[in-house]
**Student:** 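Structure incoming, see below.
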There are 2 protein chains.
Amino acid sequence: MPEEDSARGRFGKMYHEIRMRICLLDYPPGTRLSEEAMAREFGVSRTPLRRVLGRLEAEGLLQSVHGVGTLVTDVEIEELIQVYRLRTELAELAGLLDPVPPDAKLIASLDGLVARAKALVARPDPRGFAQLNIDFFEAHMALTANEPLREISRRLYYQTHRIWLKSVTSRRIDLVEEVQVFDREVEDYVRALRIGDLEAAAHVHRAHISMSFTRMRKNAA
Amino acid sequence: MPEEDSARGRFGKMYHEIRMRICLLDYPPGTRLSEEAMAREFGVSRTPLRRVLGRLEAEGLLQSVHGVGTLVTDVEIEELIQVYRLRTELAELAGLLDPVPPDAKLIASLDGLVARAKALVARPDPRGFAQLNIDFFEAHMALTANEPLREISRRLYYQTHRIWLKSVTSRRIDLVEEVQVFDREVEDYVRALRIGDLEAAAHVHRAHISMSFTRMRKNAA
DNA sequence: CTGCATGATGTTGTATACAACATGATCAAG
DNA sequence: CTTGATCATGTTGTATACAACATCATGCAG
């Protein structure tokens, strides 16, 4: 997949880079970004950069305020309850709607994720955990060929990823315990997929989302 | 709800206007729009207009091609199968996720829709039908307080609305019959809502989407 | 007549200057 | 000292000129 040097290609590069920075808390919630500085960094003018920021604003990760700045949106758990409830339902759909039988390549990549989870249990690390979680989610999205469902699930995922990561880093949730839970989930997930039971895998994922949310709410107070 | 004369207000006006034109086939699929002409019409420069077009492109209603133009996307039923399947599932969710008990005002507005449906049965009209369908959908969205679900459902609805309307106008589907079916559905829907059974109403809507899609596919060949 | 090169034309993409706006510092009046 | 107005500063929003690109007509060579 060669990153073409077209307008679309440049857009995609900036989009993914900035989204990753927001989601990995390199730009923590409340950060005021400077359009000019970012444009300089990416070697473009404000115009194409603003296109990227506009998209991220539409997706709820940024908010531009005239005369003030471009702010990274805050993540309040009470406001994300609805998003979580919806994600829970959509996770199940991924196994039912236009299911894609997992091929050897997908299984192999999932084995790679299991290995990384094991390594993480041995040496926990918030950032590595976050990246692994993202990769696992993307693998889950390969289960359905329903492109609209993929796009929507992805969008909701990136909206909630930050608050989860914040809970982990701020020690409101115990990192070690969370890593162990995640490790078990990935194993169950792969086990279901290995026998071709997409629906079961989706249910495992659904349960994971639901429980993860419950643990967060419990420890938020 | 006063339409404020801020940047956000102007954006909203242009966005809704253009989206409506696309969805009512004032801009038929394949139409090549001129940014400059539209900017003149709305009394702004290309810059803020392009923001609107960018959003509509992200939602799959437009496609900008460098050096060619801004094209209204084509609607192919085979490509929208996935969208329809997803919409079917989401329609059911609207009655389950964060349900809002219908108040007198909502019931009254639904009665208004029923009256319009009756009038439409007496004198069928594609454009009035399309507008009524949109208004009915928006009323349905009032059933859930889950804002992400509303936004997503709305987006998918506007993606598929055109192909439905096209089927009606091109007489691939009989307008009179479709109006009668719609009239019955609205009545069933209101009946369920009147006794406070949101879930039943959602199921009625779900069945409507599913059957509407089936009729279209049958008559497409 | 055919085929291809070439340029005219119109489009979207980008850079840049400026307008509109919010915010905090500064300073004077009380 | 407090308080209010005023302005300097920095930000996003907008307008405009130009670059990059695709398309089609034109004309010339074969």
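Being a predicted model, the structure only gives us computed values, none of them experimental. Throughout, protein chains are lettered first and strands after them, A, B, ... in sequence-line order, and every chain is numbered starting at 1. The basis for the numbers below is simple: all heavy atoms, side chains too, and nothing from hydrogens, waters or symmetry mates.
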**Student:** Can you say whether the rings of A:H205 and A:F137 are parallel (under 30°), tilted (30 to 60°) or perpendicular (over 60°)?
**Tutor:**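 The arrangement is tilted - the two ring planes meet at 30° to 60°.
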**Student:** Hey, what's the ring geometry for A:Y189 with A:H140, parallel, tilted or perpendicular (30° and 60° as the breaks)?
**Tutor:**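 Plane angle over 60°, so perpendicular.
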**Student:** Starting from P on D:dA15, measure out to CZ on B:R40 and report it in whole angstrom.
**Tutor:**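 Atom CZ in B:R40 sits about 14 Å away from atom P in D:dA15.
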**Student:** Out of C:dT23, D:dT12, C:dG13, which has the shortest distance to the side chain of A:V68?
**Tutor:**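 The listed nucleotide nearest to A:V68's side chain is C:dT23.
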**Student:** Looking at every strand, decide which applies to A:E35 at a 4.0 Å heavy-atom threshold: base, sugar-phosphate, or nothing.
**Tutor:**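 Counting heavy atoms under 4.0 Å across all strands, the contact made by A:E35 is with sugar-phosphate only.
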**Student:** Kindly assign one of parallel, tilted or perpendicular to the pair A:H161 and A:W164, based on the angle between their ring planes and the thresholds 30° and 60°.
**Tutor:**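 Because their plane-to-plane angle lies in the 30° to 60° range, the rings of A:H161 and A:W164 count as tilted.
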**Student:** Can you tell me how far P of C:dG13 sits from CD of B:E36, to the nearest Å?
**Tutor:**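 So the CD-P distance, B:E36 to C:dG13, works out to 14 Å.
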**Student:** Where along residues 44-56 of chain B does a heavy atom come under 4.0 Å from DNA chain C, residue by residue in number order?
**Tutor:**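 By residue number: B:R46, B:R50.
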**Student:** Specify the separation, in whole Å, of atom CD of B:E57 and atom P of C:dT12.
**Tutor:**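 Nearest whole value for this atom pair: 11 Å.
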**Student:** Check the side chains of B:R162 and B:T73 for a donor-acceptor pair under 3.5 angstrom, ignoring hydrogens and angles.
**Tutor:**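 Yes, side-chain donor-acceptor contact under 3.5 Å.
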**Student:** Name the nucleic acid region contacted by B:L71, choosing base, sugar-phosphate or nothing; use a 4.0 angstrom heavy-atom cut-off, strictly under.
**Tutor:**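 Nothing: the residue B:L71, judged by heavy atoms under 4.0 Å, touches no strand.
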**Student:** Find the distance A:F42:CZ to C:dT14:C1' and express it as a whole number of Å.
**Tutor:**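 Going from A:F42 (CZ) to C:dT14 (C1'), I get 17 Å.
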**Student:** From CZ of A:R8 over to C1' of C:dT14, roughly how many Å is that when rounded to an integer?
**Tutor:**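 So the CZ-C1' distance, A:R8 to C:dT14, works out to 16 Å.
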**Student:** Name all residues meeting the salt bridge (charged side-chain N to carboxylate O under 4.0 Å, His left out) criterion together with A:R87; count only those two or more places apart in sequence or in a different chain, and write none if there are none.
**Tutor:**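 Partners of A:R87 by the salt bridge (charged side-chain N to carboxylate O under 4.0 Å, His left out) criterion come out as none, since no residue qualifies.
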**Student:** Rounded to whole angstroms, how far apart are CG on A:D5 and C1' on C:dG13?
**Tutor:**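 Those two atoms, CG and C1', are 13 Å apart.
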**Student:** B:V65 or A:H66: which one's nearest nucleotide on DNA chain C is closer to the 5' end?
**Tutor:**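 This one resolves to B:V65.
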**Student:** Can you list the residues that meet the side-chain hydrogen bond (donor to acceptor under 3.5 Å, both in side chains) rule with A:E76, with sequence neighbours excluded?
**Tutor:**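 By the side-chain hydrogen bond (donor to acceptor under 3.5 Å, both in side chains) rule, A:E76 matches no residue at all.
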**Student:** Mind calculating the distance between CZ (B:R32) and C1' (D:dC24) to the nearest angstrom?
**Tutor:**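 In whole Å, D:dC24 C1' lies 11 Å from B:R32 CZ.
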**Student:** Any side-chain N or O of A:R10 below 4.0 angstrom from OP1/OP2 of C:dG13?
**Tutor:**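 Indeed not, no polar side-chain atom of A:R10 lies that close.
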